[in-house]
Structure formats: structure tokens, C-alpha cells
Protein chains: 2
Amino acid sequence: MMTIGEAAVASGVSAKMIRYYEETGLIPPAGRTASGYRTYGPKEVQILRFVRRARDLGFPMDKVADLLALWRDRTRASADVRRLAEAQIAALEARIREMEAMKATLSHLVQACAGDERPDCPILDELGGSPCRSAGG
Amino acid sequence: MMTIGEAAVASGVSAKMIRYYEETGLIPPAGRTASGYRTYGPKEVQILRFVRRARDLGFPMDKVADLLALWRDRTRASADVRRLAEAQIAALEARIREMEAMKATLSHLVQACAGDERPDCPILDELGGSPCRSAGG
DNA sequence: CTTGACCTTCCCATCATGGGAAGCCCCATA
DNA sequence: TATGGGGCTTCCCATGATGGGAAGGTCAAG
């Protein structure tokens, strides 16, 4: 049995976040010592590691909860897990596309900007220009 | 002179956000009518549109403030503007790379997952596995 | 003068995380 | 045994940018 600090080191999840995950119900309440300290065993640490890896893959908390539920469910269908993963891939792709669009617009503007000591700047012109024509449309 | 609601429509920034931008000092305090209503002219609307476009390009608030300052400064060097834009491109690229890495890991796992009604799932195996080998390292 | 839409301020929520204070606990060391 | 330092507890606050909503004032049209 380990304290929350040790579990934090072992799992890579900060003690703050462990308490938060417990508070929000993502993970079950930890056991307590007589004096009120939370206690964690290898199983709990494994759960925390699971959560951390899922978060590292960009899953939001509610999807992590879904993954945890499937993980615990021995009768799950792997198709359900894969669906979640595919949805996450799609979400990532959508956000990547958004950012690529921003990047493309910015690259375009940077290319057009002299970048010297003169004040003339197509970047500012674009940002401050009238609404009829913009790179977004 | 228009009200905050009209300025919101004209600029594409919600009334809530206009007040917030004013409160945080991003934009100067709006004029007020005798009864306390905020008033906006074409110039203020242009500023709001500037802010909105910069936000649409992913600039965080503090960078938008920098851009606004350069916009107002008639003696600016366009190089300073370009630097900000290039930094934003770099920031976007960094986040895109992170998300591409997540996506690659997920795609890998999805490929390995049968996705049928059986419970065996390499995705869950990976998330719940021991810490020695993970896709992140 | 009423009505309804709009404005004002203020508080709360998000999402996930961190910081810090006040107070208790535990272990080691003198 | 006393003491000190570090870890634990809860509680509150902050982020960054946005929205929701309540309570109350204002304006314009009827």
C-alpha cells in the first residue's frame, strides 16, 4: 500500500489530479488509513496509469471514463473500444485541419510581409481590413 | 454610434466577449451614454474585428494585444509583426505535431484491434499495460 | 403607460490543471 | 521524548476564453 504521493510517482499522475479524478467519479474513492490518508495498491496505480495514457492520447475525461468502463467489462466487444479510438482520431484530424488552415493563412501573410523596419505590413492590413474580403472566406 | 449588441453583430464578437475584452484591458473602455450603455463607432468595430480575426488565426489573447499595439503604432517595423506571425506558426506546428503523434499511435492501435464482438483488444491492453514499453516512449 | 427587447453588473460553469494556505500526521533524529 | 521537516488533508483561487443566467435599469414602439 502506498500514499497518494507514491502513487503519483508510480503512475505519472499528479496527486492533485488523483484527488480530482476521485472527486469527479472518474476513479473509485481510494481506501483510507485510520488517520484519513488515501491508500493505493498496484491495481489502483494501474488504473491511474491507464487514465494517464488515455489522456496522453488526447481523450477527454468523459471518453476516458468510457474506456475505463470497457476495460473493466470483461464481456465488452472490442468493436466498442475501436469505435472510441476511431472517433478520437477523427476529432484529432478535425482539430489538426483547423490548425493547418490557420497555419496556411499565416504562412501566406508572412510571405507577403517584407519583415523589415518599414511599417507597411500586409498582416496587419488583413487583420484590420474591411470585412468583404478575408483569407478565411 | 451603436450599442454593444449592434457592435457584436457588426464585428462577429459576442457582447459577452466585448465586455470581457474591455474588462481585461485588451481594448480600451467604450464610451457610455448618459444612462450607462456602452457606445461603439466604426473605429471600435474595426478593432473588434481585428481581435476576432487574430483569434481566428489562433493567437492567444496576449499576442492579440501585441498585434493590436503594433497596429496602433504607425512607426512599427513590419519585422516585429512578422516575428509574431512566425512564432504563431511555430506554435501551431508544435501542437499539430503533438496531435499527429497521438493520431499515429491511435491509428496503429486501431489497426491492431479486431473490432468485433470479442473482448480481446490491443487498445485496452496498451492503455492498461505495464509501464516498461508504451507507444509514447 | 405598458410591453418587450436590450442593456447593466454580478455570479457561476466549463475543462483540466496547478498554486497555496491552514492544519493534521508520520517518521527520523537529537 | 521532543522536535523538525515533509507529506497528507481539505478548501479556495487561478488559468484561458467562452457561455448561461439572474436581477434590475433603459429605450423605443405602441
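Here the structure is a predicted model, which means the values were calculated and not measured.
- B:Gln88 places a side-chain N or O within 3.5 Å of a backbone atom of B:Leu57 that can act as its donor or acceptor partner.
- No hydrogens or angles considered: nothing links the side chains of B:Ser78 and A:Asp120 as a donor-acceptor pair under 3.5 Å.
- If you measure from atom OH of A:Tyr37 to atom P of D:dT9, you get 7 Å, rounded to the nearest angstrom.
- In this model, the phosphate group of D:dC8 is not approached by any side-chain N or O of A:Arg38 to a distance below 4.0 Å at OP1 or OP2.
- Side chain of B:Glu6 to main chain of B:Thr3: a donor-acceptor pair is present (N/O by atom type, distance under 3.5 Å, no hydrogens or angles).
- A donor-acceptor distance shorter than 3.5 angstrom exists from the side chain of B:Arg53 to the backbone of A:Gly129, with no hydrogens or angles considered.
- Per the geometry, OH belonging to A:Tyr20 stands 17 Å off C1' belonging to D:dT10, to the nearest Å.
- The nearest pair of heavy atoms linking A:Leu70 to A:Arg76 is O-CD, 3.0 Å.
- Spacing between atom CD of B:Glu23 and atom P of D:dG16 amounts to 13 Å, rounded to whole angstrom units.
- Remark: side-chain polar atoms of A:Arg52 are not paired, donor with acceptor, to backbone N or O of A:Val13 under 3.5 angstrom.
- Taking five base pairs at each end of the helix from C:dC1-D:dG30 to C:dA30-D:dT1, the local helix axes there meet at an angle of 30°, rounded to 10°.
- A donor-acceptor contact shorter than 3.5 Å links the side chain of A:Arg55 to the backbone of A:Phe59.
- First and last contacting nucleotides of DNA chain C toward chain A (any atom under 4.0 angstrom from a heavy atom, 5' to 3' order): C:dA16 to C:dC26.
- Side-chain atoms of B:Met102 and A:Asp56, non-hydrogen and from C-beta on, never get closer than 4.5 Å to each other.
- The nearest heavy atom of DNA chain C to A:Phe59 and to B:Ala15 marks one nucleotide each, and the one closer to the 5' end goes with B:Ala15.
- With DNA chain C read from its 5' end, the first of the two nearest nucleotides for A:Lys16 and B:Gly36 is the one closest to B:Gly36.
- Within 4.0 Å of A:Arg19, counting heavy atoms only, lies at least one base atom of the nucleic acid.
- In this structure, B:Met61 reaches the sugar-phosphate backbone alone: every heavy-atom distance under 4.0 Å involves primed, P, OP1 or OP2 atoms, never a base.
- The two residues B:Arg118 and B:Ala114 come nearest to each other via the heavy atoms NH2-CB, 3.9 Å.
- B:Thr33 comes within 4.0 angstrom of nothing in the nucleic acid, heavy atoms only.
- Rounded to whole angstrom, the span from the CD1 atom of B:Ile4 across to the P atom of D:dG19 amounts to 13 Å.
- If you find the closest nucleotide of DNA chain D to B:Arg55 and to B:Ser35, the one lying nearer the 5' end belongs to B:Arg55.
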